[in-house]
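Just so you know, ligand 1 is whichever comes first in the structure, and atom 1 is the first atom listed for that ligand. These numbers were taken from a predicted model, which means no experiment stands behind them.
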Amino acid sequence: MGITAADVRAWIEDYATAIGEHRAELVQLDTAIGDGDHGTNMDRGMRAALEQLAKVGDDDVGALLKSVGMSLISKVGGAAGPLYGTLFMRMATATAGKPELDLGEWAEAVAAGVAGVQQRGKAEAGDKTMVDSLLPALDALRSAQSEGAELADALRRSADAARDGMLATVPMQARKGRASYLGPRSVDHQDPGATSSELLLRTAAERFGG
Ligand code: ADP
Ligand code: MG
């Protein structure tokens, strides 16, 4: 069983719900090492994305993802809006015209999205950003795929890797974004963007792996 466009729509809805549920936590994390707006930024962006999504049909995964990317870019300021916008836009390009994705196509889409985030934000692994959840998730997807894992298993492994990556940001010193201005005082805090990215992979595993 693959990932249909209807599944992708449901995942985006799940992600918007998860962001709403974790809004206060994301604000709290960003208050500690940033300016406290990550939860409200992402919540505003995903609400706008849901409104636009209603105008898109269920026959093209790329069209759904593009709609989300454009909403995030136009509605969310700060660092994360354009970065998440780029993630979704690149995933959209990788899946344009496809009514359904298999594991390999999902992995390719995630790879394109993460590459876009890194091109735009210049963050590497260990810089204490969303990349620290996304890159391990991508690596786990690729290893699962090369081992011939089932879709549900591969997705679970990528969500687990994102979770480990998110938790690994706690002892890191930030080298990118607002948190980097704090220098060593950014240590001992979980990165807000790594946390919202973990939610993205977790909701994908729950929705597509069921
Ligand atoms: P802002 O920092 O502008 O207030 P947000 O609070 O919405 O934006 O998002 C902060 C998150 O953005 C950080 O926790 C981090 O994960 C991510 N981030 C910031 N700069 C970069 C970057 N250059 N590359 C990747 N992610 C980044
Ligand atoms: Mg912020």
Only distances under 3.5 Å count here; give the side-chain donor-acceptor pairs of residues 107-123 to other protein atoms, sequence neighbours excluded, each with its distance to 0.1 Å.
| from | atom 1 | to | atom 2 | distance (Å) |
| --- | --- | --- | --- | --- |
| Gln118 | NE2 | Ala123 | O | 2.8 |
| Gln119 | OE1 | Arg90 | NH1 | 3.3 |
| Gln119 | OE1 | Arg90 | NH2 | 2.9 |
| Lys122 | NZ | Gln119 | O | 2.9 |

Out of all atoms in ligand 1, which are within 4.0 Å of some heavy atom of [X]? Include the element for each.
| X | answer |
| --- | --- |
| Gly78 | 3 (O) |
| Asp30 | 6 (O) |
| Gly193 | 13 (C), 14 (O), 16 (O) |
| Pro192 | 14 (O) |

* Worked check of side-chain contact (heavy atoms from CB on, under 4.5 Å) between Leu65 and Val61 -> CA-CA 6 Å; Leu65 296 171; Val61 172; 3.7 Å; yes
* Structure fact -> Residues pairing under side chain to side chain donor-acceptor pair (under 3.5 Å) where one sits in residues 196-210, two or more places apart or in two chains, turn out to be Trp11-Thr203, Asp14-Arg207, His38-Ser196, Tyr84-Ser196, Tyr84-Ser197, Glu198-Arg202
Who's closest to [atom] heavy-atom-wise, of [options]?
| atom | options | value |
| --- | --- | --- |
| atom 22 (C) of ligand 1 | Gly34, Gly121, Gly36 | Gly121 |
| atom 12 (O) of ligand 1 | Ser196, Ser133, Ala80, Gly177 | Ala80 |
| atom 1 (P) of ligand 1 | Lys128, Arg178, His189 | Arg178 |
| atom 19 (C) of ligand 1 | Ala174, Ala79, Ser180 | Ala79 |

Residue and atom name of the nearest protein heavy atom (relative to [atom]), distance in Å to one decimal:
| atom | result |
| --- | --- |
| atom 18 (N) of ligand 1 | Leu83 CD1, 3.9 Å |
| atom 5 (P) of ligand 1 | His38 ND1, 3.5 Å |
| atom 24 (N) of ligand 1 | Ala123 CB, 3.4 Å |
| atom 16 (O) of ligand 1 | Asp191 OD2, 2.5 Å |

* To do: Run the salt-bridge test on Arg156 and Asp153 with the 4.0 Å N-O cut-off and return the result as yes or no.
  => yes
* Asked: Ion pair present between Arg157 and Glu147, side-chain N to carboxylate O less than 4.0 angstrom?
  -> yes
* Examine ligand 1 and decide if any of its atoms is less than 4.0 Å from a heavy atom belonging to Met130. => yes
* **Rounded distance [0.5 Å steps], CE in Met70 versus CG in Leu72** => 11.0 Å
* To do: Give, for atom CG of Leu155 and atom CH2 of Trp106, the distance between the pair rounded to the nearest 0.5 Å.
  => 7.5 Å
* Taking non-hydrogen atoms only, is Thr129 closer than 4.0 angstrom to ligand 1 via side chain, backbone, both or neither? -> both
* Asked: Within a strict 4.5 Å, meaning less than it, do heavy atoms of the Arg163 and Asp160 side chains meet?
  -> no
* Sort by chain and number the protein N/O/S atoms that are closer than 2.8 Å to the Mg ion (ligand 2), and list them. => Asp30 OD2, Asp35 OD1, Asp37 OD1
* Under the 4.5 Å side-chain heavy-atom rule for ILVMFWY, direct or indirect, which residues accompany Ile33? -> Leu182
* Only one of Asp30, Asp43, Asp37 clears salt bridge (Lys or Arg N to Asp or Glu O under 4.0 Å) with Arg23; which? -> Asp43
* Asked: With a 3.5 Å cut-off and no angle check, do the side chains of Asp7 and Thr4 form a donor-acceptor pair?
  -> yes
* To do: Assess whether side-chain contact (heavy atoms from CB on, under 4.5 Å) is satisfied between Leu141 and Gln145, documenting all intermediate values.
  => CA-CA 6 Å; Leu141 266 183; Gln145 194 201 351; over 6 Å; no
